[in-house]
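The block underneath contains the structure these notes are about, expressed in C-alpha cells.
As a basis for the values below, the full set of heavy atoms in this structure was taken, side chains included, without hydrogen atoms, waters or symmetry mates. Proteins come first, then strands; the chains are lettered A, B, ... in the order of their sequence lines, and each starts at number 1.
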Amino acid sequence: MNLKTRKILDRAFAGSGVFSILLMTAALVVLLAPMLIRGWSAIYFVATVEHRQLMLERFERGNPERVAAEINAAIAARAPLYRMIAAFEKQLETCDPENRKRYAPPLRELKKALHSLLGPAPGAIRPMLMRDQYGQMRWDRALVKLRNVLYREAWDYSDPTRGGIKSLKPRAAEFAGTPVEPLFAYLENNLDKMLLPRRTLYWQFLTDNSFDSHFFGGIWPEILGTFYLAVGAMLFAIPLGLIAAIYLTEYARETRLIGILRTCISTLAGVPSIVFGLFGLAFFINTLKVSSSKSVLAGALTLALMILPTLIRASEEAIRAVPHTYKEAALSLGAGRWHTVMSVILPAALPGILTGIVISMGRAAGETAPIIFTAAVSVGKPLALWQVFSQPTPALSWNIYNLATEHEAVDAIRHVQYGLVLTLVALVLVLNLAAIFLRARVSKHLKG
Amino acid sequence: MNLVNITMPNRPAIRNGNGPTPTDRTHVAFDCFSVFYRANQAVKDVAFDIPAGYVTAIIGPSGCGKSTILRAINRMNDLVPGCHVKGELLFDGQNVYDPDVDVVMLRRRVGMVFQKPNPFPKSIFDNVAYGPKLHSRLNQSELAEIVERSLVDAALWDEVKDRLGDNALSLSGGQQQRLCIARVLAVDPEILLMDEPTSALDPRATLRIENLIAELRGRYTIIIVTHNMQQAARVSDFTAFMYEGVLIEFGLTKEIFTKPKNKQTDDYITGRFG
C-alpha cells in the first residue's frame, strides 16, 4: 500500500469518525431539547388565577389579600357570562316546551364546558372531586378548554368508506337569537380578564405532594420514592457486590466451579429486567414474605439483585486493573491477604468501583419493570423512613409510564409527565456526572 | 542430573561495615532445592549457602531461574498459580517451606526490593510507615522516628524531609526505588532481597543505589539479582552464576570474575553468550 492510499484511508476513517460523533450529538440534541423544554414547562408556565387560588387554599402560599383581590376581579369579569345564562334559563322556563327541549341539551353542554374552563359557577354546589372545584390552572390548557366552549365537535358518519369525519361547529350559531349568543364573543375577548394569566415559576413542583392523582401539586412522592429505591438497592448491592468481586479476584482459585459462577454472573447481567421484577414478586414477597404486599424493601431488594452482576463486573475489572506490583509490595512487607486488600488494593481500585456504583445507581433509579410488581403504586403519599419496610411508593420511572398510559386524563396532566421525565433524566445525568467527577478526583489523588 | 556441590569459600573481611560485623554464620541455605511452575522445572537441585552480612549477587542470562530462586526465599512464588518446590530452603536453620511456617513473619524478616520501583499511591510518610504499622502498635512520634531513620538509612531523607506528605508517585524513579528500600528497612528485616533493583533506573540513580548497598552491607544480608555484571562485580562479595535453572558456579566475586573455574561462567562473563 503506498503512501497516498494510506493517507486517503486515514482521512476517510477520521472523517467518518467525526461524522458519526456529530450524528450522535445531533440525535442527542433532538432527543434532549424537547425533553428539556417541555419538562421545564412543568415548572415555569403561564398560570391563571385558579392556580394562585389553589396555592393559597392548599399550601397557604402567596399574598392572601392580593389573591382575594384577583379572585374578586376575575369573578367580576365572569359575572356577565353567568348573567346571560341565568337570563336565558329564566326565558326558557316560560317559553313553550318545544323550544325548551331544543335548547336544554346544548345549554347543559355549554355549562359543562364553561365549568371545566372557569370552575364551578357562582352559587353552584361544591363538587366532590378536587379537579372539579377549580378552573384551568394553566393558560395553555385554558385555551384548549376555550375552544371546547366556542365549538362543538360534530361527527359525520355519512360516508361509510371513510369512517367518522370530525368537524367543529360554532356554538354561537346554536344559540342564535338568544340572550346567550353574545356570551361567546365576550368570553373570547375577555378570557384573560377572567383568568388573569401570569408567568409563574412553580419550583415547588419538585417538592409538593400531588393532589387528585396528579391533577394538582408536584411530584415529591415520586422523587422520594425513587431515592428510597435507588439508595436501598445500593445498600444491599454494594456490600454484596464488593465482597463477591474481592473474593473472585483475590481469593478464588481458578477452578471449574468459579468459571461456571463467572458465566452465571455474566448471564444474569443480560436477564431482562421484567424477569427480575417477576422473580422479586415470587421470591421476596410470596416466598420470603419480606412484606405483606408491595413495599419499598421488596423493590430495593429486586433492584439490588438486578444491578448486582454489573456491580460485580465493574468492581472486578477495577480490582484487576490495580498494578500487580502494589500487591507484591504489600505482601513482601508482611501484610496478610485481607490487609493487602483493604489497605492497598481497594483504595487503588476505588475510582473504578465508584464509577460502577454510581452508574448502577443511575440504572436502579431509572428501571421500571422490576418495581411494577414489587414496589410501585401510581398515587401515594411521601413515605417516612420507617414505612419503607411495609409500604409501596410512587416512583419517577413508574409514574412516567402510568401518566402516559393508564391515567384517566392523560391529556390534562401531560405537563406533569414531562416534568417527571425531565427530573428523572436530570437525576441520572447528575449521577453520571458525579461518577466522572469522583473518578477524576480520586485518580488525581492517587497519581499525586 | 547436573548436581553441583559447592563448598563455602573463605570469607573476605568486611571493608566498610558500620553495623554489627558479619559472622561466618550461614543465613540462607539451599539444599537440593528445585522450583517448578506446573511441570516446568525452573530451578534444578540447587545447593549453596549464603553467608550472613555479606552481599551475594546472583547472575545469569534471562530465564535462568535467578529471580525464581530469590522469590523462593520470601515465598513470593506462592502467588504464582501452579508453583511448587522440592528440597530444602533453610533460613536460620528453619525450612521456610515447612507447613507450620508463618509466611507473614517470614516476609517481615526477609525484605524485598523489586525490579520496578513500586511505591503505594500514598504519601511518602505512609509508604514508609506501612510496614511498621502492620506489625506493631506505635504512636505518631515513634512512627515518625522510624520513618526518619529508615529514610536516612536509604539516603533519601535530605531530599524528602520537607515534603513527607506528598504522594510517593511524584518522586523520580531513583527516589522511588530508594523509598522502596526505606519502606523495607522500616520493618527491620534481616535479609534484603533485591530483584534487579536498578534495571529501571538511569546510571546516576543506579550509582546511588549501589552506594546505598555498600552502606547497608554488614547490617543486612543482601542478595541481589542483576543482569549487569559490572554491578555484580562492584557491589557483591559472593557471586552465584546460574544457567538454565542450574547453579553453575558459586564463589568469591573477585575469583568468579578473574579466574572462574567453569568454562560456562567464563564464557558468560566475557560476553561470549547470554
Side-chain angles (χ1 to χ4, degrees), chain A residues 245-262 315-355 438-448, chain B residues 70-71 73-82 102-124 126-136 163 165-171 176 179-180 183-189 191-195 200:
Chain A
I246 292 170
Y247 175 75
L248 283 174
T249 48
E250 296 297 322
Y251 286 84
R253 286 176 194 282
E254 290 302 317
T255 58
R256 216 199 201 144
L257 191 71
I258 294 295
I260 294 171
L261 205 63
R262 273 185 218 280
S315 309
E316 242 189 301
E317 293 305 318
I319 291 173
R320 267 185 224 290
V322 173
H324 193 65
T325 56
Y326 292 174
K327 189 174 154 188
E328 274 189 335
L331 288 174
S332 77
L333 287 168
R337 229 184 331 182
W338 169 246
H339 198 267
T340 304
V341 168
M342 294 312 284
S343 68
V344 178
I345 293 178
L346 274 192
L350 204 58
I353 293 175
L354 279 177
T355 312
L438 263 178
R439 196 189 167 85
R441 234 187 110 112
V442 181
S443 306
K444 201 176 154 203
H445 179 72
L446 286 179
K447 286 195 187 104
Chain B
L70 195 76
R71 283 161 171 265
I73 300 173
N74 65 347
R75 286 186 57 172
M76 287 303 279
N77 284 340
D78 291 6
L79 294 181
V80 183
D102 179 357
V103 181
V104 166
M105 281 311 292
L106 170 76
R107 288 182 185 148
R108 198 188 151 181
R109 293 171 66 194
V110 184
M112 186 160 203
V113 178
F114 294 84
Q115 190 168 355
K116 276 201 189 123
N118 57 352
F120 300 126
K122 301 169 187 280
S123 73
I124 295 171
D126 285 344
N127 261 281
V128 184
Y130 184 86
K133 269 198 218 160
L134 273 180
H135 301 298
S136 44
R163 50 186 187 122
D166 284 13
N167 194 307
L169 299 178
S170 65
L171 297 173
Q176 284 187 19
L179 179 68
C180 291
R183 185 174 66 184
V184 173
L185 297 183
V187 286
D188 199 21
I191 297 182
L192 274 184
L193 306 178
M194 296 185 163
D195 191 358

Once you round to the nearest 0.5 Å, how far does NE2 of H339(A) lie from OH of Y130(B)?
5.5 Å
Dump the intermediate steps for side chain to side chain contact (heavy atoms under 4.5 Å, CB included) on F114(B) and S332(A), then the final yes or no.
CA-CA 10 Å; F114(B) 294 84; S332(A) 77; 3.5 Å; yes
With only heavy atoms counted, which part of R75(B) is less than 4.5 Å from chain A, the side chain, the backbone, both or neither?
neither
Looking only at heavy atoms, which two atoms of Y326(A) and F120(B) are closest? And how far apart?
O-CE2, 3.3 Å
Check whether E328(A) gets within reach of chain B through its side chain, its backbone, both or neither, counting any heavy atom under 4.5 Å.
both
Measuring from atom NZ of K327(A) to atom CG of N118(B), what distance do you get when rounded to the nearest 0.5 angstrom?
13.5 Å
Measure distances from M76(B) to the heavy atoms of chain A and classify the residue's part below 4.5 Å as side chain, backbone, both or neither.
side chain
Heavy-atom pair count under 4.5 Å with chain A, highest-scoring of H135(B), K116(B), M112(B)
H135(B)
Heavy-atom pair with the smallest gap, counting every atom of V187(B) and L333(A)
CG1-O, 4.2 Å
Side chain, backbone, both or neither: which part of N74(B) has an atom under 4.5 Å from a heavy atom of chain A?
side chain
Please look at P119(B) and chain A and tell me whether the side chain, the backbone, both or neither of the residue comes under 4.5 angstrom of a heavy atom of that chain.
backbone
Name the option with the most non-hydrogen atom pairs under 4.5 Å to chain A; the candidates are R183(B), M105(B), Q115(B), R108(B).
R183(B)
Considering only heavy atoms, which portion of V110(B) lies under 4.5 Å from any heavy atom of chain A: side chain, backbone, both, or neither?
backbone
